[in-house]
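This structure is a prediction, so every number in the text was calculated from the model and none was measured.
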Amino acid sequence: MEQTPVAPQTERRKIIFSAIQPTGVFTLGNYIGAVRNWRTLQDDYDCIYCVADLHSITVRQDPASLRSHTLEAYALLMACGLDPDRSILFIQSHNPDHAQGAWVLDCYTQFGELSRMTQFKDKSARYADNINAGLFTYPSLMAADILLYQTSYVPVGEDQRQHLEITRDIAGRFNGVYGPVFTVPEAFIPKAEQGARIMSLQDPTRKMSKSDPNPKGCVTILDEPGAIMKKFRSAITDSEARVAHGPGKEGISNLMGIYSVFTGKDFAAIEEEFAGKGYGDFKTAVGEAVVQGLEPIQRRYKELMADKAYLEECYRRGAQQAMNLSRRTLEKMYKKIGFLHA
Ligand code: TRP
């Protein structure tokens with residue numbers, strides 16, 4: 001019988017891990033700055049994405065809202081193009097390894113280094129009546145999320161950089177004691193892209209955020225077309241009436257970034273397109289591009305939310321797949337530490 005040739009060793013793809021907290025509908029900033037890139041990464045990496053519900057309880061949550069926000073966040077990730085057949089998409093609390101791993105890593109994380117975390121300092125100032133231990137040890141849970149999957153790259157925004165640094169320190173420390181248990185992850189920095197950081201439409205020096213004091217500053221990816229158009233039409237610009245990018249033109253630059261993302265045009269092309277036209281035309285065009293770009297996401301989201309059984313099937317399968325991977329690392333950690341085999 002003819003010998004079948006051995007399948008060529010397929011190169012294992014590097015692992016990407018990221019997560020988002022279920023705090024309500026994603027903003028245009030979350031979409032452009034994070035989730036949209038997570039979608040693209042699926043082409044080149046083995047991607048693992050989760051809804052970080054465990055992290056969200058470091059701030060008091062209403063149970064019914066947490067439950068619905070978690071399902072919504074999961075459906076939004078899928079609607080934005082994260083594909084449960086290509087990536088692992090799951091809900092953090094569905095895989096108990098995260099909580100178990102975090103406890104172990106807590107014991108390899110120093111009080112001093114947690115005290116230096118700027119997010120802890122900010123949040124303990126903001127929620128002064130609930131400075132709980134979870135808020136303090138938040139970074140070791142995040143380290144568990146990342147390290148349990150032998151992650152190579154973590155796409156994170158500026159605000160989570162320090163948490164990734166501490167994750168690297170924890171991994172290095174653990175490996176130093178027990179040998180190479182963890183892959184030491186690196187931040188994934190997408191190539192300098194236009195529109196990477198989306199600012200408030202009402203105050204272009206501030207990041208777009210749901211807690212914007214002026215609700216017109218923030219567009220969410222489920223906003224109705226009419227609301228989107230209204231927000232863009234009232235976006236803050238400048239008195240120059242010239243569509244161009246640069247200092248003193250933060251408002252227009254921000255709009256150009258958004259327009260660029262949804263049309264694929266670069267800044268030079270946008271300047272040319274609107275040469276001699278007023279800001280009114282430009283703002284309308286940006287609004288229309290956003291409405292059009294979000295339409296398929298909104299449609300898919302509605303379909304998914306109308307099919308809870310399918311969502312359930314996806315997140316259950318995701319948790320199982322996640323656990324199959326994290327289990328290996330957790331078992332290795334337990335063994336190295338000296339826990340008696342169960
Ligand atoms: N802390 C992150 C945030 O608030 C979410 C998160 C949890 C995360 N675990 C993670 C991000 C692991 C990257 C990797 O945005």
Taking Arg13 for its side chain and Asp43 for its backbone only, find out whether a donor-acceptor pair lies under 3.5 Å.
->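 Indeed, once roles are kept as given, a pair shorter than 3.5 Å links the two residues.
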
Does a sphere of radius 6.0 Å around CD in Glu272 hold more than 12 heavy atoms from other residues, nucleotides or ligands, not counting ones at 6.0 Å or beyond?
->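 Atom CD in Glu272 is not packed in, count stays at 12 or less.
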
Interatomic distance, His163 atom NE2 to Phe120 atom CZ [nearest 0.5 angstrom] =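 Spacing of NE2 (His163) from CZ (Phe120) equals 10.5 Å.
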
Check the pair Gln160 / Gln119 against side-chain hydrogen bond (donor to acceptor under 3.5 Å, both in side chains), numbers first and verdict last.
-> CA-CA 8 Å; Gln160 297 297 317; Gln119 182 178 290; 3.0 Å; yes

For Gln150 and Thr329, does a side-chain donor sit closer than 3.5 Å to a side-chain acceptor?
->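 A pair is found: one side chain offers a donor N or O, the other an acceptor, under 3.5 Å apart.
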
Over all atoms of both residues, closest heavy-atom pair of Met78 and Pro84 |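 Where Met78 meets Pro84 most closely, the heavy atoms are CE-CG, 3.8 Å.
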
Could you give me the CA-CA distance, side-chain angles and deciding distance for Ser87 and Gln42, then say whether side-chain hydrogen bond (donor to acceptor under 3.5 Å, both in side chains) is met?
-> CA-CA 7 Å; Ser87 300; Gln42 297 178 116; 2.8 Å; yes

Report the distance from atom CZ of Phe174 to atom OG1 of Thr109, rounding to the nearest 0.5 Å.
->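 Rounded to the nearest 0.5 Å, the CZ-OG1 separation comes to 10.5 Å.
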
So, the side chain of Ser18 versus the backbone of Pro155: is there a donor-acceptor pair under 3.5 Å, distance only?
->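 Flag set: sc Ser18 to bb Pro155 pair under 3.5 Å.
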
Mind checking the CZ-OG1 spacing from Phe182 to Thr151? Nearest 0.5 Å is all I need.
->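 One gets 11.0 Å once the value is rounded to the nearest 0.5 Å.
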
Under the salt bridge (Lys or Arg N to Asp or Glu O under 4.0 Å) criterion, do Arg299 and Glu295 qualify, and how do the steps go?
-> CA-CA 6 Å; Arg299 185 160 24 93; Glu295 192 274 334; 3.0 Å; yes

Working for salt bridge (Lys or Arg N to Asp or Glu O under 4.0 Å), residues Lys14 and Asp44 | CA-CA 8 Å; Lys14 294 248 164 88; Asp44 298 313; over 6 Å; no

Do you see a donor-acceptor pair shorter than 3.5 Å between the side chains of Arg39 and Tyr31?
->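 Yes, side-chain donor-acceptor contact under 3.5 Å.
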
So, Asn130 versus Asn132: side-chain donor-acceptor pair below 3.5 Å or not?
->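 The criterion, which ignores hydrogens and geometry beyond distance, is satisfied for Asn132 and Asn130.
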
Is the count of non-hydrogen atoms from other residues, nucleotides or ligands lying under 6.0 Å from Lys230 atom NZ greater than 12?
->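 For Lys230, atom NZ is not crowded (no more than 12 foreign heavy atoms under 6.0 Å).
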
Side-chain touch Cys314/Leu89, heavy atoms, less than 4.5 angstrom |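 They are not in side-chain contact.
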
Considering non-hydrogen atoms only, spot the tightest contact between Ala187 and Arg161 and give its length.
->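 Ala187 and Arg161 have their closest heavy atoms at CB-NE, 4.0 Å.
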
Nearest heavy-atom pair of Gly217 and Asp212: which atoms, and what distance?
->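 Looking at all heavy atoms of both residues, the closest pair is CA-OD2, 3.7 Å.
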
Neighbour count above 12 (heavy atom, 6.0 Å) for Glu303 CD |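 Yes, because the 6.0 Å sphere around CD of Glu303 holds more than 12 heavy atoms from other groups.
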
Taking every non-hydrogen atom, the tightest pair across Arg168 and Glu186 =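 Minimum heavy-atom separation between Arg168 and Glu186: NH1-CG, 3.6 Å.
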
For the student: nearest non-hydrogen atoms of Asp238 and Ala241, plus distance =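 Of all heavy-atom pairs spanning Asp238 and Ala241, the closest is OD1-N, 3.9 Å.
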
At what distance, to the nearest 0.5 angstrom, does CE of Met208 lie from OG of Ser200?
->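 The distance works out to 6.5 Å.
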
Closest approach of Asn37 to Ile32 (non-hydrogen atoms, all atoms of both residues) |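 Between these two residues, the closest heavy atoms are ND2-O, 3.7 Å.
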
Treat each ILVMFWY residue as a node, draw an edge where side-chain heavy atoms are under 4.5 Å apart, and state whether Val219 and Tyr279 are in one component.
->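 Yes, because Val219 and Tyr279 connect within a single hydrophobic cluster, where side-chain heavy atoms sit under 4.5 Å apart.
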
Should Lys308 and Glu312 count as an ion pair when the cut-off is N to O under 4.0 Å?
->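 Here Lys308 does not pair with Glu312 in a salt bridge, since their nearest N and O are not under 4.0 Å apart.
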
Indicate yes or no for a side-chain donor-acceptor contact from Ser253 to the backbone of Gly246 under 3.5 Å, with no hydrogens or angles considered.
->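 Flag set: sc Ser253 to bb Gly246 pair under 3.5 Å.
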
Single-linkage hydrophobic cluster, 4.5 Å side-chain cutoff, Val51 and Leu66 together |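 Shared cluster, no.
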
With a 4.0 Å cut-off, would you call Arg317 and Asp85 a salt bridge?
->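 Result for this pair is yes, salt bridge flagged.
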
Side chains of Asp223 and Thr220: do they bring a donor and an acceptor to under 3.5 Å?
->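 The criterion, which ignores hydrogens and geometry beyond distance, is satisfied for Thr220 and Asp223.
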
Is Arg116 paired with Glu113 through a side-chain N to carboxylate O contact shorter than 4.0 Å?
->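 Not counted as a salt bridge, because no side-chain N and carboxylate O are separated by less than 4.0 Å.
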
Would you say the side-chain atoms of Thr70 and Asp53 include a donor-acceptor pair closer than 3.5 Å?
->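 Checked: Thr70/Asp53 side chains show no N/O donor-acceptor pair below 3.5 Å.
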
Could you grab the distance from atom CG of Leu148 to atom CG of Leu325, nearest 0.5 Å is fine?
->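 These two atoms lie 10.0 Å from each other.
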
Is there a path from Leu222 to Leu311 through hydrophobic residues (I, L, V, M, F, W, Y) whose side chains come within less than 4.5 Å of each other?
->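 Hydrophobic grouping puts Leu222 with Leu311.
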
According to the interplanar angle, ranging from 0 to 90°, do the rings of Phe17 and Tyr149 count as parallel (below 30°), tilted (30 to 60°) or perpendicular (above 60°)?
->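 Geometry flag for Tyr149 against Phe17: parallel rings.
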
Ring pair (Phe, Tyr, Trp, His ring centres under 6.0 Å) assessment of His98 paired with Phe90 | CA-CA 12 Å; His98 291 247; Phe90 73 107; 5.5 Å; yes

Ile88 CD1 to Gln320 CD distance, which is reported to the nearest 0.5 Å =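 Reported to 0.5 Å precision, the distance equals 10.5 Å.
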
Does a sphere of radius 6.0 Å around CZ in Arg60 hold more than 12 heavy atoms from other residues, nucleotides or ligands, not counting ones at 6.0 Å or beyond?
->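 For Arg60, atom CZ is not crowded (no more than 12 foreign heavy atoms under 6.0 Å).
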
Is Gln298 reaching over with its side chain to a backbone N or O of Ile221, donor-acceptor style, under 3.5 angstrom?
->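 A pair under 3.5 Å: yes.
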
Could you go through the ring pair (Phe, Tyr, Trp, His ring centres under 6.0 Å) check for Phe274 and Tyr259 one step at a time?
-> CA-CA 12 Å; Phe274 293 96; Tyr259 191 65; 5.7 Å; yes

Should we say atom NZ of Lys207 is surrounded by more than 12 heavy atoms from elsewhere, each under 6.0 Å from it?
->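 No, not enclosed.
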
More than 12 heavy atoms from other groups under 6.0 Å of CD1 on Ile57 |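 For Ile57, atom CD1 is not crowded (no more than 12 foreign heavy atoms under 6.0 Å).
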
Do Asp46 side-chain atoms and Ile15 backbone N/O form a donor-acceptor pair below 3.5 Å?
->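 No, Asp46 side chain to Ile15 backbone: no donor-acceptor pair under 3.5 Å.
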
Flag side-chain contact, heavy atom, 4.5 Å: Tyr301 against Glu72 =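 Counting from C-beta outward, Tyr301 and Glu72 do come under 4.5 Å.
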
